[in-house]
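Below is one structure, written out as structure tokens, with a few remarks after it.
Counting convention: from 1, in listed order, for ligands and their atoms alike.
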Amino acid sequence: MRDKIVAGNWKMNKNMEETEALLAEVSAKLPDTDAKVMVSPTFVNLASAVNQLESSSIEVIAQNMHFAESGAYTGEISADMLLNIGINTVILGHSERRAYFGETDEILKKKVKAALAKKMTVMFCFGEELNDRKSGNHFKVVESQLKNALFGLDAKSWSSIILAYEPVWAIGTGETASPEQAQEMHAFIRKTIATAFTKNIADNVSILYGGSVKPSNAEEIFSKPDVDGGLIGGAALVADDFIAIVKAI
Ligand code: PEP
């Protein structure tokens, strides 16, 4: 049985007081759910978020990390630093990291390897750009992103991987992939993993959809058989919206 997951990616939003207030509201309003609920505040607020949610089922996760153990990498954060403050899951490969910070498949492969070596869980993001979809190359692009960063993994590493398919054209744009488009791609991803590894691995990996998920569209997207939840950007910054999305799962 694969996990159902709703994760909020807060990106570079919310200062310390705002983080505390949003976490307090989200945890107070959290419904009873079988789904794993995750939130990802900025680096500077991660440690306090972990403390604040100590007795909550909500997991605090990081938005990024560096692949090196330590050293002269100004501005970067290592896996050990995250583990040290109680963070066990990291988002890697978000399209904004790829687009604005030059993260290539090669860099992401190293980051995934480094996180897994420390027994962290990786939420690996990938997805095509608008021109890829328009030209009909979306399946090829997605397959190559997966292949380049993840297909060198050994079979047992897959229990520490969560996939987040996020078509770039749907992130922060208000434009959502239709539930059918999401299902079509998620089924393709599962089939691709089954071919490269095993059906068992493919059947057990959670595949989240991300891209303008809102309370109004979450239920229909989550109802698709290969969609195991969502990575939520903008709507995760408003407690009632995030909670409504958690309820939709
Ligand atoms: C994201 O950045 O991962 C995301 C899905 O953003 P939004 O929900 O705002 O489109």
Can you check whether Gly172 has an N/O within less than 3.5 Å of an N/O in ligand 1?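 Yes; at least one N/O pair falls below 3.5 Å.
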Take every heavy atom of Gly211, measure it against each atom of ligand 1, and state whether any distance is under 4.0 Å. yes
Would you please determine whether Ala170 falls within less than 4.0 Å of ligand 1 on a heavy-atom basis? yes
May I ask you to check whether [X] and [Y] show a side-chain donor-acceptor distance below 3.5 Å?
X      : Y      : answer
Ser48  : Asn51  : no
Ser95  : Glu166 : no
Trp169 : Glu128 : yes

Main chain of [Y], side chain of [X]: is a donor-acceptor contact present, judged purely on distance under 3.5 Å?
X      : Y      : result
Asp105 : Gln145 : no
Ser206 : Ile162 : no
Arg2   : Ala202 : no

[atom] [closest protein heavy-atom partner, distance rounded to 0.1 Å]:
atom                   : value
atom 5 (C) of ligand 1 : Glu166 OE2, 3.1 Å
atom 2 (O) of ligand 1 : Lys11 NZ, 2.5 Å
atom 1 (C) of ligand 1 : His94 NE2, 3.2 Å
atom 8 (O) of ligand 1 : Gly233 N, 2.9 Å
atom 9 (O) of ligand 1 : Gly234 N, 2.8 Å

Going by the atom numbers of ligand 1, which of them fall below 4.0 Å from some non-hydrogen atom of [X]?
X      : answer
Leu231 : 3 (O), 5 (C)
Ser212 : 7 (P), 8 (O), 10 (O)
Asn9   : 2 (O), 3 (O)

Between Lys214 and Asp241, is there a salt bridge with N-O shorter than 4.0 Å? no
Do the charged groups of Asp226 and Lys191 touch, with an N to O distance under 4.0 Å? no
Structural part of Ile171 in contact with ligand 1, heavy atom criterion under 4.0 angstrom: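 It is both backbone and side chain that touch ligand 1.
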